[in-house]
Amino acid sequence: MKELSVSNLLGIKYLTTEDLHLIFETADQFKEIINRPIKKVPSLRDITIANLFFENSTRTRLSFELAEKRLSADIINFSASSSSVTKGETLVDTVNNILAMKVDMVVMRHPNPGAGVFLSKHIGASIINAGDGAHEHPTQALLDVYSIREKYGDVKGKKIVIIGDIMHSRVALSNIFALKKLGAKVKVCGPNSLIPKHIESLGVEVEYNLAAALEWCEIANMLRVQHERMEHSYFPSTREYVQQYGVNKALLDTLSKPITIMHPGPINRGVEITSDVADSEHSIILNQVENGVAIRMAVMYLLASKIKQYEN
Ligand code: CP
């Protein structure tokens with residue numbers, strides 16, 4: 001059986017191109033299974049997974065939980081706001097207490113970049129990063145790229161523009177790593193203040209003109225402005241942002257061809273994207289959500305097979 005090169009999924013940065021293909025091929029099989037009348041398989045029947053969310057989530061938390069249930073894992077859920085973290089308990093103490101209950105795998109979302117890497121140095125369980133601050137969100141990038149592969153057959157050579165708040169986006173960074181490993185052409189587009197300096201060193205181009213970026217691309221991945229990660233405003237007003245970087249149907253109608261619209265969610269309708277674009281026939285936003293379950297099943301299945309091998 002083919003296996004991943006890693007024992008944790010801490011970031012796309014740490015994966016090989018072969019790992020990406022293996023995850024996608026495994027997700028193909030799980031996608032077929034979860035569209036059957038009986039959607040559940042016993043693959044992770046002996047595995048216990050803790051979902052640790054130190055930051056809010058809708059899609060990622062529910063998608064992981066559903067994927068775990070489809071794989072027949074035992075699960076426990078932890079939310080920081082209702083836990084002893086509010087009484088001053090450290091991350092390592094919290095996780096070690098959970099691991100004392102014989103947990104095999106930890107899915108963790110945390111506001112601090114590098115939280116997953118830090119934890120992996122202190123605990124033996126397999127860790128999946130479900131988003132760490134503005135650093136990485138590997139399963140989001142996997143489901144995004146998988147959705148492109150599903151629509152176009154291949155990612156190599158495809159032209160993708162990531163639009164919006166690139167500076168504070170873990171989705172942007174993980175997407176860039178995944179897309180470049182698979183040979184896609186990537187541009188980023190947004191206000192100068194929200195584009196990290198030296199981002200070209202990752203192999204992407206910067207385009208400040210939204211209309212030019214949209215005309216160039218085949219796929220536009222829209223990002224929300226992450227006000228929660230900003231200590232001050234990065235542009236004069238939301239109205240001005242919408243005028244310069246909001247995607248609406250009138251703008252798309254000026255292009256020479258239709259383009260595919262993606263968004264990781266949550267959407268701020270009327271800001272980075274209007275409803276008539278988000279809900280249009282060219283939007284694959286809900287396909288992304290659907291594919292998230294198959295991708296997360298694939299990741300957990302492949303990581304769990306390494307735990308089982310280690311025990312044998
Ligand atoms: N895309 C994403 O990470 O959404 P949530 O914050 O709702 O999990």
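Count residues from 1 along the sequence. Just follow the structure's listing: the first ligand is 1, and inside any ligand the first atom is 1.
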Among all protein heavy atoms in this structure, tell me which lies nearest to atom 1 (N) of ligand 1, with the distance rounded to 0.1 Å. Pro264 O, 2.8 Å
Going by the order shown, which atoms of ligand 1 are within less than 4.0 Å of some heavy atom of Thr58? 5 (P), 7 (O), 8 (O)
Can you tell which of Asn287, Asn291, Asn221 makes a side chain to side chain donor-acceptor pair (under 3.5 Å) with Ser147? Asn291
Write out the residue and atom name of the closest protein heavy atom to atom 6 (O) of ligand 1, then the distance separating them to 0.1 Å. Arg109 NH1, 2.8 Å
Please round to the nearest 0.5 Å and tell me the distance separating atom NE2 of His110 and atom CZ of Phe53. 12.5 Å
Counting heavy atoms only, which of His137, Arg59, Gln140, Arg61 is nearest atom 4 (O) of ligand 1? Arg59
What protein heavy atom lies closest to atom 2 (C) of ligand 1? Include the residue and the distance to one decimal. Thr60 OG1, 3.5 Å
Taking all non-hydrogen atoms of both residues into account, name the closest pair between Leu44 and Ala304 and its distance. CD2-CB, 3.4 Å
Less than 4.0 Å is my threshold; does some heavy atom of Gly265 fall inside it relative to ligand 1? yes
Tell me, with the steps shown, if Val188 and Ile176 meet side chain to side chain contact (heavy atoms under 4.5 Å, CB included). CA-CA 9 Å; Val188 294; Ile176 290 168; 4.1 Å; yes
Any donor and acceptor pair, going by atom type alone, linking the side chain of Tyr14 with main-chain N or O of Asn8 inside 3.5 Å? no
Taking all non-hydrogen atoms of both residues into account, name the closest pair between Ile148 and Leu179 and its distance. CD1-CD2, 4.1 Å
For Glu55, state whether at least one heavy atom is located under 4.0 Å from any atom of ligand 1. no
